[in-house]
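Computed from heavy atoms alone, side chains included, the values below leave out hydrogens, waters and symmetry copies.
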Amino acid sequence: MKNLWNSIEAKRFRNDILKMRVYSSRLLGENRQLVLHGGGNTSVKLMGKNFFGEEEEFLIVKGSGADLATIEEKDFSKLSLRKLLKLVEFENMDDLDLVFQQNLAMINPDSPSPSIEAILHAMIPYAWVDHTHADAVLTITNTPSGEDLINELYGNRVIKIPYVKPGFKLAREVFKLKKDLDWKKFDGMILLNHGIFTFGET
């Protein structure tokens with residue numbers, strides 16, 4: 001697979017995190033082996049001031065239904081990271097309640113509704129998070145011996161999560177693992193029969 005990153009072009013966005021997030025999201029979206037139309041989501045965390053002038057950390061995440069290949073700044077939603085992280089402390093929550101609470105965490109109510117996986121992006125302890133449904137990974141995981149094959153290919157380089165329906169249950173599954181994980185040891189996280197998360201500080 002060809003790396004589409006262009007260091008010269010990327011320099012144009014080095015002082016604007018949201019523009020960089022748009023640029024890097026489009027690189028994923030332009031490759032249909034990584035992202036089907038409308039699928040996948042990306043995010044970035046950053047510090048800023050809230051309405052009251054207080055420093056707060058925010059999550060900027062792709063809105064539901066946006067196409068990563070053509071995504072624009074207006075297609076992202078900005079949410080309070082603190083509020084999102086409080087949601088995952090619940091042991092159980094209906095996905096309708098999750099969507100409602102995520103919308104309440106939005107800074108601008110006119111923004112697009114955030115992905116139902118925004119809560120999962122919030123929990124990953126890195127600034128930049130990409131979630132795709134890469135054909136190559138799904139082809140392997142969607143087989144009876146998928147988990148064994150993933151172990152053979154990646155060993156301990158990735159976190160492996162058995163299939164759980166996207167939404168609160170998936171977030172709780174990762175939350176339970178998170179406490180005992182040293183995330184620095186991993187290159188990514190593979191959700192069996194679902195897709196792949198990658199993450200980094202830049």
Side-chain angles (χ1 to χ4, degrees), residues 17-18 21 25 39-52 54-66 68 75-109 111-133 137 141 147 150 156-201:
I17 290 177
L18 182 53
R21 182 67 281 187
S25 298
N41 39 67
T42 57
S43 69
V44 65
K45 301 177 184 77
L46 75 169
M47 296 298 298
K49 289 188 177 180
N50 61 24
F51 180 78
F52 303 101
E54 303 160 334
E55 282 288 323
E56 184 177 349
E57 192 167 10
F58 299 104
L59 175 76
I60 296 177
V61 64
K62 185 198 115 169
S64 293
L68 285 177
D75 298 318
F76 284 88
S77 297
K78 186 177 182 181
L79 300 94
S80 166
L81 185 65
R82 175 181 54 84
K83 290 180 180 178
L84 289 176
L85 293 177
K86 284 183 72 68
L87 293 177
V88 82
E89 294 175 9
F90 286 84
E91 289 190 13
N92 194 23
M93 184 182 297
D94 183 275
D95 280 343
L96 289 176
D97 288 334
L98 173 61
V99 170
F100 183 74
Q101 291 299 325
Q102 283 190 167
N103 286 344
L104 287 178
M106 291 166 56
I107 304 306
N108 180 358
S111 298
S113 292
S115 163
I116 197 169
E117 290 165 332
I119 189 173
L120 186 48
H121 283 254
M123 277 192 301
I124 295 175
Y126 284 91
W128 298 78
V129 178
D130 297 336
H131 172 41
T132 65
H133 307 122
V137 173
T141 67
E147 186 170 2
I150 290 296
N156 294 323
R157 291 170 48 210
V158 297
I159 303 161
K160 292 166 280 274
I161 307 288
Y163 180 77
V164 181
K165 181 184 175 185
F168 188 78
K169 288 182 179 178
L170 175 58
R172 277 295 296 182
E173 198 66 30
V174 176
F175 177 75
K176 287 184 278 187
L177 286 172
K178 181 181 176 182
K179 292 177 285 187
D180 301 319
L181 284 180
D182 181 357
W183 288 75
K184 294 176 184 176
K185 293 181 178 179
F186 301 101
D187 296 330
M189 177 168 65
I190 291 181
L191 312 176
L192 300 178
N193 311 104
H194 180 165
I196 182 168
F197 274 82
T198 52
F199 36 77
E201 283 305 326

So, [X] side chain and [Y] main chain: donor-acceptor pair closer than 3.5 Å or not?
X: Lys45; Y: Ile124; value: yes
X: Lys165; Y: Lys169; value: no
X: Arg21; Y: Val61; value: no
X: Gln102; Y: Ser115; value: yes
X: Asp95; Y: Phe168; value: yes
X: His133; Y: Ile196; value: no

Which heavy atom of [X] sits nearest a heavy atom of [Y], and at what distance?
X: Leu192; Y: Pro162; result: CD1-CA, 4.0 Å
X: Trp128; Y: Glu201; result: CD1-O, 3.3 Å
X: Val129; Y: Tyr126; result: CG2-O, 3.9 Å
X: Arg172; Y: Val88; result: NH1-O, 2.9 Å
X: Leu84; Y: Ala118; result: CD1-O, 4.4 Å
X: Ser43; Y: His121; result: OG-ND1, 2.7 Å

Sequence-distant partners of Asp187, side chain to side chain donor-acceptor pair (under 3.5 Å), two or more places apart: Arg157
From [atom1] ([X]) to [atom2] ([Y]), nearest 0.5 Å:
X: Ile161; Y: Met189; atom1: CD1; atom2: CE; answer: 6.0 Å
X: Ile119; Y: Phe175; atom1: CD1; atom2: CZ; answer: 9.5 Å
X: Leu181; Y: Ile159; atom1: CG; atom2: CD1; answer: 5.0 Å
X: Phe76; Y: Thr42; atom1: CZ; atom2: OG1; answer: 4.0 Å
X: Leu170; Y: Met123; atom1: CG; atom2: CE; answer: 7.5 Å
X: Leu191; Y: Lys160; atom1: CG; atom2: NZ; answer: 12.5 Å

Mind checking whether [X] and [Y] have side chains closer than 4.5 Å, heavy atoms only?
X: Asn156; Y: Lys185; answer: no
X: Glu54; Y: Lys49; answer: no
X: Asn103; Y: Ser113; answer: yes

His131 and Phe197 aromatic ring geometry - parallel, tilted or perpendicular at 30°/60° bounds: parallel
Steps toward side-chain contact (heavy atoms from CB on, under 4.5 Å) verdict (Ile107, Phe51): CA-CA 9 Å; Ile107 304 306; Phe51 180 78; over 6 Å; no
Inter- and intrachain pairs under side-chain hydrogen bond (donor to acceptor under 3.5 Å, both in side chains), touching residues 75-86, at least two apart: Glu56-Ser80
Neighbour count above 12 (heavy atom, 6.0 Å) for Glu91 CD: no
Residue Asp94 excluded, over 12 heavy atoms near CG under 6.0 Å: yes
